[in-house]
Amino acid sequence: MQWVKCRRSFRLFLSLTFAGLAPLGSASIAAEVQDAVIVNVEDASAKVGEKATIVAKITAREGYRIAEDYRNRITTLSALDDGVEFENKVVRGSMQDGDLVFKIRVTPKTPGAHAINGVLRFGFINSLDGDYHLDIKWMPLVATVTGTE
């Protein structure tokens, strides 16, 4: 019985030790999103039944750059109400003048403001001590589409 308790205690000790060390190792090479990029979202407005475009732009701060070869995208697009139709549920980003730009095509189905949600997934490259590191991050996308009459 003592042996079982000792083994469990030792496993717990090892788990806690490695769990405590893991964040230290990754923190030295992982950059925080707010330190690496600036995200700008332009809401859209259109007459009911006409197409509109929400534009989300990610700009890398000094010392970072957008990973062009990563499949940068917005996924899980949805509206809080059923007042908006999406042309695509997944939108790929494209590079324009060094910025990563997403164009989300929507059509308001009813008048009024409609909250839009999604998930931005993108990669950026940072340089620490001359070594380059790829960071892949995600963050929520929140925008508004206004349907007018």
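All values reported here derive from a predicted model rather than from experimental measurement.
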Reference residue I74; test side-chain contact (heavy atoms from CB on, under 4.5 Å); the match among I54, L120, V119: L120

Residues, nucleotides or ligands: over 12 heavy atoms within 6.0 Å of K109 NZ: yes

CD/Q96: more than 12 non-hydrogen atoms of other groups inside 6.0 Å: yes

Check whether any side-chain heavy atom of [X] lies under 4.5 Å from a side-chain heavy atom of [Y], and answer yes or no.
X    : Y    : answer
T107 : E50  : no
R105 : F86  : no
V84  : I116 : yes
D99  : I66  : no
T75  : L77  : no
H114 : L80  : no
R61  : I38  : yes
K89  : T76  : no

I need the [X] [atom1] to [Y] [atom2] distance, nearest 0.5 Å.
X    : Y    : atom1 : atom2 : value
R73  : R121 : CZ    : CZ    : 5.0 Å
R92  : L100 : CZ    : CG    : 10.0 Å
E42  : T144 : CD    : OG1   : 13.0 Å
F102 : K57  : CZ    : NZ    : 13.0 Å
I58  : F122 : CD1   : CZ    : 4.5 Å

Distance-only side-chain donor-acceptor flag, H133 / N126, under 3.5 Å: no

Any donor-acceptor N or O pair under 3.5 Å, side chains N117, S78: no

T148: partners by side chain to side chain donor-acceptor pair (under 3.5 Å), with sequence neighbours left out: none

Closest contact, heavy atoms only, A46 versus P108: O-CG, 3.7 Å

Evaluation steps, side chain to side chain contact (heavy atoms under 4.5 Å, CB included), between F124 and R65: CA-CA 6 Å; F124 61 89; R65 65 184 168 90; over 6 Å; no

Lys/Arg-Asp/Glu bridge criterion (N-O < 4.0 Å) met for K51, E87: yes

Single-linkage hydrophobic cluster, 4.5 Å side-chain cutoff, M95 and I104 together: yes

Cluster link V101 to L141, ILVMFWY, side chain under 4.5 Å: no

